[in-house]
Amino acid sequence: MARPPDIELVALTKRYGETVAVDSIGLRIPAGSYCCLLGPSGCGKTTTLRMIAGHEEASEGDIILGAENITLLPPAARGTAMMFQSYALFPHLDCTDNVAFSLKMRGIDKDTRRGRAVEMLKRVHMDSYAARLPAQLSGGQQQRVALARALITDPQVLLLDEPLSALDPFLRIRMREELKALQTRLGISFIHVTHSQDEAMALADLVVVMNGGRIEQAAPPREVFNRPASAFVAKFIGGHNVLPAAVARATGDGALVAIRADRMNVQPGTAGDAGTTSLQGVARSVEYLGTTVQIGVDVPGLETMSATVPEARFDVAPVRPGEPVTLSWKAEDVHALGA
């Protein structure tokens, strides 16, 4: 089997009139990676995916798959396949014919394409539903059929546009596990658009955080979480407090720093030392989350701070909304942010 190709986006740009949806982005996705494009609505992630698929024409720049420039090729000639957010299954066709449809369009005979479709349905554990119509399937089952249909053309890259957004939370986690297992088994690159931080962290080898048509950071999930490149990344990923370096009494070139919420200590009252690594404020909210307790703290002149405290530690020194508290942290837990 040939080695799967790298994907490279070179100064890729998309304009709609005067509006720049994707602004000269550069990105290299190593062969066989699970890449998540992550960001808020309107950040350019879906437009980027659609340009890779060939469903949107790039205004400028190039899309390179292995050694081939695929920027101007039609979708069917790119070596990519797209799984749409809506799944887009044909309601009048059973699962087998839905999966076989693209092979029918290529003129492959009925027995061959249906046999191949049943093989693909087996791969996603849906062969026992082969004769059912989409309306007779659950959301998770429809998703598996849509996956089989996308994979039947043996793509080098599978493109997924928010594939889990229509599922309930329990099924979403289960399908997340199945997607990752399938990608590992196939060994091809998956590029997956999501606005869910949890989804990106759980699935991706490479997380690409986008904002305003640009890439804020592209790195493995642990690096994005532990060393966010900017205040936007720290806030969007969540679990961080962003504050001025002077307030945190941190040294370095950055004007802003981030401190993970789970590295913050909370003590009732203001008797603690408001010295080198602490601030005093008032508890705004206390949320019990099972193994942890999330405490929001209002500090004058700052955005609401957040601390994630283990349940046992909270029980030793509990706080209630409206009570004064002291937040403290270790100097080594302060991360300087870029501009």
Side-chain angles (χ1 to χ4, degrees), residues 5-29 33 35-66 68-88 150 155 157-166 189-197 199-200 203-204 206-219 224 228-238 240 242 254-256 258 303 337-339:
D6 295 344
I7 304 151
E8 190 164 2
L9 310 181
V10 183
L12 192 64
T13 301
K14 179 62 182 179
R15 294 190 190 89
Y16 298 100
E18 297 296 310
T19 303
V20 180
V22 177
D23 191 0
S24 192
I25 63 171
L27 177 67
R28 183 177 167 276
I29 302 170
S33 296
C35 172
C36 281
L37 304 181
L38 173 67
S41 297
C43 71
K45 58 190 187 296
T46 296
T47 302
T48 299
L49 192 78
R50 289 177 61 81
M51 283 193 285
I52 297 170
H55 299 306
E56 291 279 0
E57 185 179 330
S59 302
E60 291 174 17
D62 294 291
I63 303 159
I64 312 295
L65 184 60
E68 187 177 10
N69 189 326
I70 64 170
T71 314
L72 301 177
L73 293 181
R78 289 180 172 230
T80 64
M82 185 137 172
M83 180 178 155
F84 296 96
Q85 184 176 359
S86 64
Y87 309 149
V157 181
L158 182 64
L159 308 170
L160 303 106
D161 183 13
E162 303 214 26
L164 307 179
S165 61
S189 292
F190 280 26
I191 305 178
H192 175 136
V193 160
T194 180
H195 58 264
S196 166
Q197 300 88 330
E199 204 170 287
L203 283 167
L206 177 66
V207 175
V208 180
V209 184
M210 295 188 68
N211 178 33
R214 296 186 175 186
I215 294 173
E216 293 265 343
Q217 187 170 8
V224 171
S230 66
F232 175 85
V233 175
K235 290 176 181 178
F236 188 79
I237 290 296
H240 291 82
V242 176
L256 294 172
E303 293 182 12
L337 297 171

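Excluded from the calculations below are hydrogen atoms, water molecules and symmetry mates; all remaining heavy atoms, backbone and side chain alike, are included.
Looking only at side-chain heavy atoms (C-beta outward), Thr80 and Pro155 stay at 4.5 Å or farther from each other. Thr48 has its side chain within reach of Met210: a pair of non-hydrogen atoms, C-beta onward, lies under 4.5 Å apart. Residues Ile63 and Glu8 are not in side-chain contact: their nearest non-hydrogen atoms beyond the backbone lie 4.5 Å or more apart. Annotation: side chain of Thr19 is not in contact with side chain of Arg15 (no heavy-atom distance under 4.5 Å). Side-chain contact check for Phe232 versus Asn211: some heavy-atom pair is nearer than 4.5 Å. Between Met82 and Leu158 there is no side-chain heavy-atom pair separated by less than 4.5 Å. Within the 4.5 Å cutoff, the side chain of Val157 has no heavy atoms near those of the Phe190 side chain. The shortest side-chain heavy-atom distance between Pro5 and Leu65 falls under the 4.5 Å cut-off.
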- Task: Show the numbers, then the answer: is there a side chain to side chain donor-acceptor pair (under 3.5 Å) between Thr194 and Glu162?
- Result: CA-CA 5 Å; Thr194 180; Glu162 303 214 26; 5.5 Å; no

- Go through the steps for Tyr16 and Thr47 under the test side-chain contact (heavy atoms from CB on, under 4.5 Å), then give the verdict. CA-CA 11 Å; Tyr16 298 100; Thr47 302; 3.7 Å; yes

- Query: What's the verdict on side-chain contact (heavy atoms from CB on, under 4.5 Å) for Glu199 and His192, showing C-alpha distance, side-chain angles and the deciding distance?
  - Reply: CA-CA 10 Å; Glu199 204 170 287; His192 175 136; 2.7 Å; yes

- Message: Set out, in order, the CA-CA distance, both residues' side-chain angles and the distance that settles side-chain contact (heavy atoms from CB on, under 4.5 Å) for Leu159 and Met83, then state yes or no.
- Response: CA-CA 6 Å; Leu159 308 170; Met83 180 178 155; over 6 Å; no

- Message: Using side-chain contact (heavy atoms from CB on, under 4.5 Å), reason through Val209 and Val224 one step at a time and then give a plain yes or no.
- Response: CA-CA 9 Å; Val209 184; Val224 171; 4.1 Å; yes

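Taken to the nearest 0.5 Å, the CD1 atom of Ile70 stands 5.0 Å off from the CZ atom of Arg78. Expressed to the nearest 0.5 Å, how far CG of Leu37 lies from CD1 of Ile52 amounts to 6.5 Å. Rounding to the nearest 0.5 Å gives a distance of 4.5 Å between CD1 of Ile25 and CD1 of Ile215. Between the CG atom in Leu38 and the SG atom in Cys43 there is a gap of 7.5 Å [rounded to 0.5 Å]. Once rounded to the nearest 0.5 Å, the distance linking CG of Leu9 with CG of Leu27 reads 5.0 Å.
The two residues Ala218 and Val208 have their closest heavy-atom pair at CB-CG2, 4.1 Å. Listed here is the closest heavy atom pair of Ile7 and Ser189: CD1-CB, 3.9 Å. Between Leu203 and Cys36 the shortest heavy-atom distance is CB-SG, 4.2 Å. When all heavy atoms are compared, the tightest approach of Ala219 to Leu206 is N-CD1, 3.6 Å. Heavy-atom minimum distance, Pro163 versus Val193: CD-O, 4.1 Å. Gln217 and Ala229 get closest at one heavy-atom pair: OE1-N, 2.7 Å.
The six-membered or imidazole ring of Phe236 lies away from that of His195, with a centre-to-centre distance of 6.0 Å or more.
Between the side chain of Asp62 and the backbone N or O of Ile64, no donor-acceptor pair lies under 3.5 Å. In this structure, the side chain of Lys14 does not engage the main chain of Val20 through any donor-acceptor pair within 3.5 Å. Put simply, the side chain of Ser33 never gets that close to the backbone of Cys35: no donor and acceptor are under 3.5 Å apart.
Among pairs with a residue in residues 36-51, those fulfilling salt bridge (charged side-chain N to carboxylate O under 4.0 Å, His left out) read Arg50-Glu56, at least two apart in sequence or across chains.
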